[in-house]
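For reference, the structure is listed below as structure tokens.
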Amino acid sequence: MGAVHTNNGDDGRGVLCLGIESSCDETSAAIVDSNRNILAHIIYSQIPEHQKYGGVVPELAARAHILAIDEVIEQTLRLAGKTISDIDVIAATAGPGLIGGVLVGWMAATAIAQSTHKPLVAVNHLEGHALVPRLSAAAAGGNWSDNAVDFPYLLMLASGGHCQILLVRGVGQYELIGQTIDDSAGEAFDKISKMLGLGYPGGPIVDKRAKLGDATRFHFPRPLCNTPGCDFSFSGIKTAARIMLDKNTEPVDDTFINDFCASFQAAVVDCIINRLEHALGTDAVKSANPKTLVVAGGVAKNSAIRAAMEKLADDNGMVFAAPPMSLCTDNGAMIAWAGIENWRVGNIVREPVAPRPRWPLTEL
Ligand code: KG4
Ligand code: ZN
């Protein structure tokens with residue numbers, strides 16, 4: 001269990017929000033203030049518990065959340081030097097995600113809010129990813145911490161469970177421009193890694209290997225590229241990888257693996273850029289005229305995707321922004337920040353909320 005981000009010492013602070021995240025394999029809590037300071041942040045990752053299965057096992061995840069949640073919340077408060085009475089707003093992920101885990105965090109948040117009579121916000125996990133660039137964002141290599149990303153912005157939201165292009169017009173206002181018709185980008189990274197026997201989660205491993213490889217050695221398809229529209233398809237890339245590996249007669253050594261990862265990643269990058277180019281040409285995006293191109297979600301950690309999107313933004317006279325690495329994959333700070341943004345617009349829980357395994361952003 002480790003603190004990934006602390007920023008104490010702002011006592012002329014505004015509203016304080018405790019955010020709780022438990023929708024997949026991270027039990028996390030954070031205390032964030034409305035001046036965009038992260039006072040404390042704990043992420044307890046269950047990755048070691050799922051690694052031997054090559055992916056997240058929902059029942060194991062739910063049990064691990066139950067065992068960790070109290071400690072994670074207590075440690076977060078201690079680290080911030082606060083007690084629960086100092087907190088103004090409680091927020092937790094209420095979906096979408098693995099329902100066993102979501103229930104754990106949501107019930108903890110509900111119990112705290114009810115016993116302390118504090119406002120409670122039911123955060124959509126995807127909205128957490130979508131809004132966190134407004135808490136903290138940096139252009140690749142640059143430091144952007146003092147500039148909030150303003151609405152509207154064009155968002156590439158790519159995680160293990162989702163792959164969508166969204167026009168973010170405001171809190172709760174998301175227009176879906178394109179989405180995957182099969183796998184998410186994160187899933188594709190994870191599956192390629194599994195096929196190569198590289199481990200879970202695959203994204204960071206493939207990213208690292210790809211940096212050492214030759215992206216022109218293997219030819220992967222670019223599904224849907226250069227066809228009209230903004231939707232994605234990644235299952236064809238995965239199938240092509242399976243066929244290439246089954247037919248392969250060359251030694252699967254480090255060079256082979258690095259080249260395979262580089263070639264695969266280049267195909268994913270091409271698909272993302274092609275779909276974003278189409279998105280920039282849609283009537284909805286043209287009329288909203290967003291000034292910022294943003295990437296968020298776990299896959300936003302990918303160095304090649306960040307670099308290609310930064311170039312695309314430059315070519316289109318836009319600013320590129322991405323959350324810092326620690327705020328791309330699932331975390332409590334993004335939930336706390338979405339809690340503050342929703343609280344500001346009066347979106348607090350007024351009657352019981354049932355957590356939802358499926359909860360599209362367009363249904364907020
Ligand atoms: O947002 P996230 O933590 O969880 C979901 O909400 O799904 O995203 C996790 C995903 C995993 O599929 C993981 O392999 C991927 O993000 N990921 C990456 C990288 N780091 C994490 N994908 C590509 N490149 C990376 N560097
Ligand atoms: Zn996520």
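Predicted model only: the values in this text are computed from it and were never measured.
Put simply, V349 and I84 are part of the same group of oily side chains (I, L, V, M, F, W, Y) that touch within less than 4.5 Å, one to the next. Note on V123: it does not cluster hydrophobically with V102, by side-chain heavy-atom contacts below 4.5 Å among ILVMFWY residues. In the hydrophobic clustering of this structure, I257 does not group with I243; members are Ile, Leu, Val, Met, Phe, Trp, Tyr whose side-chain heavy atoms approach within less than 4.5 Å, directly or through other members.
Sorted by first then second residue, the salt bridge (Lys or Arg N to Asp or Glu O under 4.0 Å) pairs that include residues 264-282, not counting sequence neighbours, are R222-D270. Residue pairs meeting the salt bridge (Lys or Arg N to Asp or Glu O under 4.0 Å) criterion with at least one partner in residues 224-249, sequence neighbours excluded, are D183-K238, R242-D246. Residue pairs meeting the salt bridge (Lys or Arg N to Asp or Glu O under 4.0 Å) criterion with at least one partner in residues 315-340, sequence neighbours excluded, are K311-D315. Among pairs with a residue in residues 84-135, those fulfilling ring-ring contact (aromatic ring centres under 6.0 Å, His included) read H125-H129, at least two apart in sequence or across chains. Under the salt bridge (Lys or Arg N to Asp or Glu O under 4.0 Å) criterion, the residue pairs touching residues 203-214 are D207-K211, R209-D254, with sequence neighbours excluded. Among residue pairs with one or both ends in residues 348-357, those qualifying as side chain to side chain donor-acceptor pair (under 3.5 Å) are R356-E363; sequence neighbours excluded.
S193 places no side-chain N or O within donor-acceptor distance of the main-chain N or O of D190, the cut-off being under 3.5 Å. Between the side chain of H41 and the main chain of A30, no donor-acceptor pair closer than 3.5 Å is present. Between the side chain of E21 and the backbone N or O of S23, at least one donor-acceptor pair lies under 3.5 Å. Distance alone, capped at 3.5 Å, places no donor-acceptor pair between the S28 side chain and the N331 backbone. In terms of modelled atom types and a separation under 3.5 Å, the side chain of N316 and the main chain of M318 share no donor-acceptor contact. For the pair N124 (side chain) and L126 (backbone), a donor-acceptor distance under 3.5 Å is present. Judged by distance alone, the side chain of R306 and the main-chain N or O of A300 form a donor-acceptor pair under 3.5 Å.
Residue P221 comes nearest to G236 through the heavy atom pair CG-O, 3.9 Å, listed as atom of the first residue, atom of the second, then distance. Considering all non-hydrogen atoms of both residues, A241 and M195 come closest at CB-SD, 3.9 Å. Across all non-hydrogen atoms, the minimal contact from C271 to I237 is SG-CD1, 4.3 Å. Residues V72 and A29 approach most closely at CG1-N, 3.6 Å, considering heavy atoms.
Taking the side chain as every heavy atom from C-beta outward, L327 and W337 never approach each other to under 4.5 Å. Under the 4.5 Å side-chain criterion, counting only non-hydrogen atoms from C-beta, C163 is not in contact with V299. With a 4.5 Å cut-off on side-chain heavy atoms, P355 and I99 count as touching. In this structure, the side chains of L166 and L176 come closer than 4.5 Å at one or more pairs of heavy atoms. Contact of the I205 side chain with the F189 side chain is not registered, since no non-hydrogen atoms from C-beta on lie closer than 4.5 Å. Residues Q179 and P360 form no side-chain contact, since every pair of their non-hydrogen atoms from C-beta on lies 4.5 Å or further apart. Residues K291 and D150 are not in side-chain contact: their nearest non-hydrogen atoms beyond the backbone lie 4.5 Å or more apart. By the 4.5 Å heavy-atom criterion applied to side chains, M309 and V294 are not counted as neighbours.
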Are L135 and I38 close enough, and set up right, to give a side chain to side chain contact (heavy atoms under 4.5 Å, CB included), and what steps lead you there?
-> CA-CA 9 Å; L135 167 63; I38 300 173; 4.0 Å; yes
Apply side chain to side chain contact (heavy atoms under 4.5 Å, CB included) to the pair T83 and L77, showing each step before the final yes or no.
-> CA-CA 6 Å; T83 65; L77 285 164; 5.9 Å; no
May I have the step-by-step check of side chain to side chain contact (heavy atoms under 4.5 Å, CB included) for M244 and F260, ending in yes or no?
-> CA-CA 10 Å; M244 274 189 252; F260 201 82; 4.1 Å; yes
Begin with the C-alpha distance, continue with both residues' side-chain angles, and end with the deciding distance and a verdict on side chain to side chain contact (heavy atoms under 4.5 Å, CB included) for L245 and L196.
-> CA-CA 9 Å; L245 290 175; L196 293 169; 4.0 Å; yes
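Atom NZ of K194 has 12 or fewer neighbouring heavy atoms from other residues, nucleotides or ligands inside a 6.0 Å radius. Dense packing is recorded around CH2 of W359, with more than 12 heavy atoms of other residues, nucleotides or ligands lying under 6.0 Å away.
Going from atom CG of L98 over to atom CG of L103 covers 11.0 Å, rounded to the nearest 0.5 Å. With rounding to the nearest 0.5 Å, the separation of CD1 in I20 from CD1 in I42 is 13.0 Å.
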List, one per line, each side-chain donor-acceptor pair under 3.5 Å for residues 61-69, sequence neighbours excluded.
residue: H65; atom: ND1; partner: T27; partner atom: OG1; Å: 2.8
residue: H65; atom: ND1; partner: Q46; partner atom: NE2; Å: 3.4
residue: H65; atom: NE2; partner: S22; partner atom: O; Å: 3.2
residue: H65; atom: NE2; partner: C24; partner atom: O; Å: 2.8
residue: H65; atom: NE2; partner: Q46; partner atom: NE2; Å: 3.4

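A centroid separation of 6.0 Å or more is found between the aromatic rings of F218 and F220.
T329 is linked by a side chain to side chain donor-acceptor pair (under 3.5 Å) to K301, counting only residues two or more places apart in sequence or in another chain. With sequence neighbours excluded, the residues forming a ring pair (Phe, Tyr, Trp, His ring centres under 6.0 Å) with Y153 are F151, listed by chain and number. Shown here are the salt bridge (charged side-chain N to carboxylate O under 4.0 Å, His left out) partners of E127, two or more places apart in sequence or in another chain: there are none. Qualifying side chain to side chain contact (heavy atoms under 4.5 Å, CB included) partners for V269, counting only residues two or more places apart in sequence or in other chains: Q265, I273, A304, I305, A308. When the side chain to side chain donor-acceptor pair (under 3.5 Å) test is applied to S235, the partners found at least two apart in sequence or on another chain are D182.
Checking T116, I31, V15 one by one against I87, the side-chain contact (heavy atoms from CB on, under 4.5 Å) holds for a single residue, I31. Considering I177, V168, I165 in turn, V168 is the only one that fulfils the side-chain contact (heavy atoms from CB on, under 4.5 Å) rule with L155.
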